[in-house]
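Structure, as structure tokens:
Whatever order the structure lists ligands and atoms in, that order sets their numbers, starting from 1.
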Amino acid sequence: MSEELILKGLAVSAGIAIGPVFILDSARLHVPEYTIKADAVADETARFNDAVTKSLRQIKRIKSKAETLPSDAAEEMNILLDAHIAMLSGSRLIRGVEKRIAADKINADAALQREIDHLAESFASMDDAYLASRMKDIREVGQRLLRNLQIEHIDFTLTIPKGSIVVAEDITPADTAQIDPEGIEGFVAELGGVDGHTAIMARALDLPSVLGAAGLKLHCKDGTMIAVDGVEGEIVINPSANTIARYRRQQQKYKKEREQLKSLKRLPAITSDGAEVALLANLELPRELTKALDAGAQGVGLFRTEFMFMNRKTLPDEEEQFVALRGMVEGLHGKVMTIRTLDLGGEKLSSALGDAIGESTNPALGLRAIRLCLKQPKIFETQLAAILRAAVFGPVRILLPMISGVDQVRQVREKVQLVAKRLQRRGETLPDPLPPIGVMIEIPAAALAADALAQVSDFFSIGSNDLTQYTLAIDRSDEQVADLYNPLHPAVLRLIQFTTEAALRARIPVSLCGEMAGNPQLTSFLIGLGIRELSMSPPRLAEVKRTIRGLSILDSTRHATTIMACSDEADIRKIMLA
Ligand code: PEP
Ligand code: MG
């Protein structure tokens, strides 16, 4: 039996999972094959070269991560990764693929597969152990290139055996959207930060998860038994019988606590001195709605519509979007549905967008979210039309992501009027009045301009995830700087306070829908600032409700005042998490 080994990572989603590994990156890829015209060879070669560049970037990131491992593991990883880098840098493999694209006039994916098959054949005839191990590396590099060529068309849902723990170098938000939470026990990856969208999805799916665990793939293969501790951020590879027994006990305890929390479902979120707090759900996929209602959500505070655009080759048309949204609005039976317009870009990508988003050195600062929508009126108007039509079936609020100034809100308002008129001409029924339009406050500029934005907005929703990312200049999904990602930084708290006060002054509703909302240790502070609506992933609702029921507004206000008087990050953490 192999030795037990513990790896450390970031605890991103609580709970314990025990099971055999399924390596996501090894999911069988379908390799499309088609011929190309002679004048398309240059473009196809460029597409292949982009995949090579992307692969090199990924390996280098894994390599820097490997530096944090104990020296012999780091050395082993380095040798392996250096071999992969060499293979991607003008090697026979790369040259061979380029030649095949030009000579055979076929797509890059097929050219790559043919070259790998050819190399495997010639190595096999040499019957040499060293070459056989090289072939393993070539296949691994080939898989990486294929994934980067195909990016979003990998359907691995069929291949994951039930009860597995998914292990990957990196799991993208689009990957998580494909995962059936009932089919797997948990997921772990070498990359990823605490409040990146992958982590958010893990919490929403209620799957124990640890991200940013260096050396993970070095130590396990398909079928290896592992235990994932999503509370401590630990992964135990080949757990002993004792370790498994200990984790099973913790699993039972965790399950029991969850059962107890369920009894709160029908009780209101009301403080001991009678103030009511609205607790709503953040959703990524329409199928999550039932779970949110089961967890006692009073509505949807954030529906991240961009997930409807992922893992597909074409954009959903108005009818498809309308049907999905109407289904959700009707499913809410009169409870509010906050639909955020498309927040694609950054780490949330969709190949259906084609070239709408070009290469960007800083994708988080680039063409994304509302900026993309205002530049691509057709995509935006289609979505607005679907939202307006769905709003006939129940209360809907429109929420705009990544707003930085009043002019953008004005432009959206004009667009909404235009789309409404167009629908009217088409004979569609419209909601009367049209849905309220609110803005996400998630860019420091928006927080600082909150007074002006309040004049043109019907409500605010504070996106503390991006607000933290942009205030501190820390990529929220990069595990290398995860220790610096701190939503409790006094600068972030000040911006939240400033925004809340601006909303209260203008008498517009303000909610918070970032991950802070689901952390019961922060509830008293947020309530103390004056926030009366929190939106979070459904599994967090019960615990936050229990916390609210044990609070008073008076104490919370004092608590918030004490915290706002602190300028030291460590002091804030101590008081907040006491
Ligand atoms: C946020 O930024 O806090 C937020 C809620 O939006 P998202 O996590 O989708 O960027
Ligand atoms: Mg955001």
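- In Ile462, neither the side chain nor the backbone holds a heavy atom less than 4.0 Å from any atom of ligand 1.
- Leu434 approaches Gln417 most closely through the heavy-atom pair CD1-NE2, 3.9 Å.
- In this model, a donor atom of one side chain and an acceptor atom of the other lie less than 3.5 Å apart for Glu569 and Asn486.
- Remark: distances from the non-hydrogen atoms of Arg340 to ligand 1 include one below 4.0 Å.
- With values rounded to the nearest 0.5 angstrom, Ile527 atom CD1 is found 6.0 Å from Ile553 atom CD1.
- Taking 2.8 Å as the criterion, Asp466 counts as a coordinating residue of the Mg ion (ligand 2), since one of its N, O or S atoms falls below it.
- Using a 4.0 Å cut-off to heavy atoms of Glu442, the atoms of ligand 1 that qualify are 1 (C), 2 (O), 6 (O).
- Closest approach of Cys566 and Ile572 over heavy atoms only: CB-CG1, 3.6 Å.
- Under 4.0 Å from ligand 1, not a single heavy atom of Glu515 appears.
- Taking every non-hydrogen atom of Arg304 and a distance limit under 4.0 Å, the qualifying atoms of ligand 1 come out as 4 (C), 5 (C), 6 (O), 7 (P), 8 (O), 9 (O).
- Given atom 7 (P) of ligand 1, the protein heavy atom at minimum distance is His197 NE2, 3.2 Å.
- The contact set between ligand 1 and Arg476, taken as ligand atoms under 4.0 Å from a residue heavy atom, comprises 2 (O), 7 (P), 8 (O), 10 (O).
- By the 30° and 60° cut-offs, the orientation of the rings of His559 relative to Phe525 is perpendicular.
- A side chain to side chain contact (heavy atoms under 4.5 Å, CB included) with Glu190 is found for exactly one of Leu7, Asp170, Ile62, namely Ile62.
- Under a 4.0 Å heavy-atom criterion, Gln469 is not in contact with ligand 1.
- A side-chain donor from one of Asp407 and Gln411 sits under 3.5 Å from a side-chain acceptor of the other.
- No N or O atom of Arg368 sits closer than 3.5 Å to an N or O atom of ligand 1.
- Under 4.0 Å from ligand 1, not a single heavy atom of Glu284 appears.
- Between Met516 and the options Leu522, Leu534, Asp195, a side chain to side chain contact (heavy atoms under 4.5 Å, CB included) holds for only Leu522.
- The minimum heavy-atom distance linking Asp294 with Lys265 is given by the pair O-CD, 2.9 Å.
- Residue-ligand proximity, Met440 to ligand 1, at heavy-atom distances under 4.0 Å covers atoms 4 (C), 5 (C), 6 (O).
- Against a heavy-atom cut-off of under 4.0 Å, Ile200 is close to the following atoms of ligand 1: 8 (O).
- Residue, atom and distance of the protein heavy atom nearest to atom 5 (C) of ligand 1 are Cys513 O, 3.4 Å.
- Distances from the Mg ion (ligand 2) to the N/O/S atoms of Glu442 are shortest for OE1.
- The heavy-atom pair separating Gly514 from Ser464 by the smallest distance is CA-OG, 3.2 Å.
- Counting heavy atoms closer than 4.0 Å to ligand 1, residue Leu302 contributes side-chain atoms (C-beta onward) but none from N, CA, C or O.
- The contact set between ligand 1 and Gly514, taken as ligand atoms under 4.0 Å from a residue heavy atom, comprises 3 (O), 5 (C).
- Against a heavy-atom cut-off of under 4.0 Å, Asp466 is close to the following atoms of ligand 1: 1 (C), 2 (O), 3 (O), 10 (O).
- Under 4.0 Å is where a charged nitrogen must lie from a carboxylate oxygen, and between Arg413 and Asp458 at least one such pair does.
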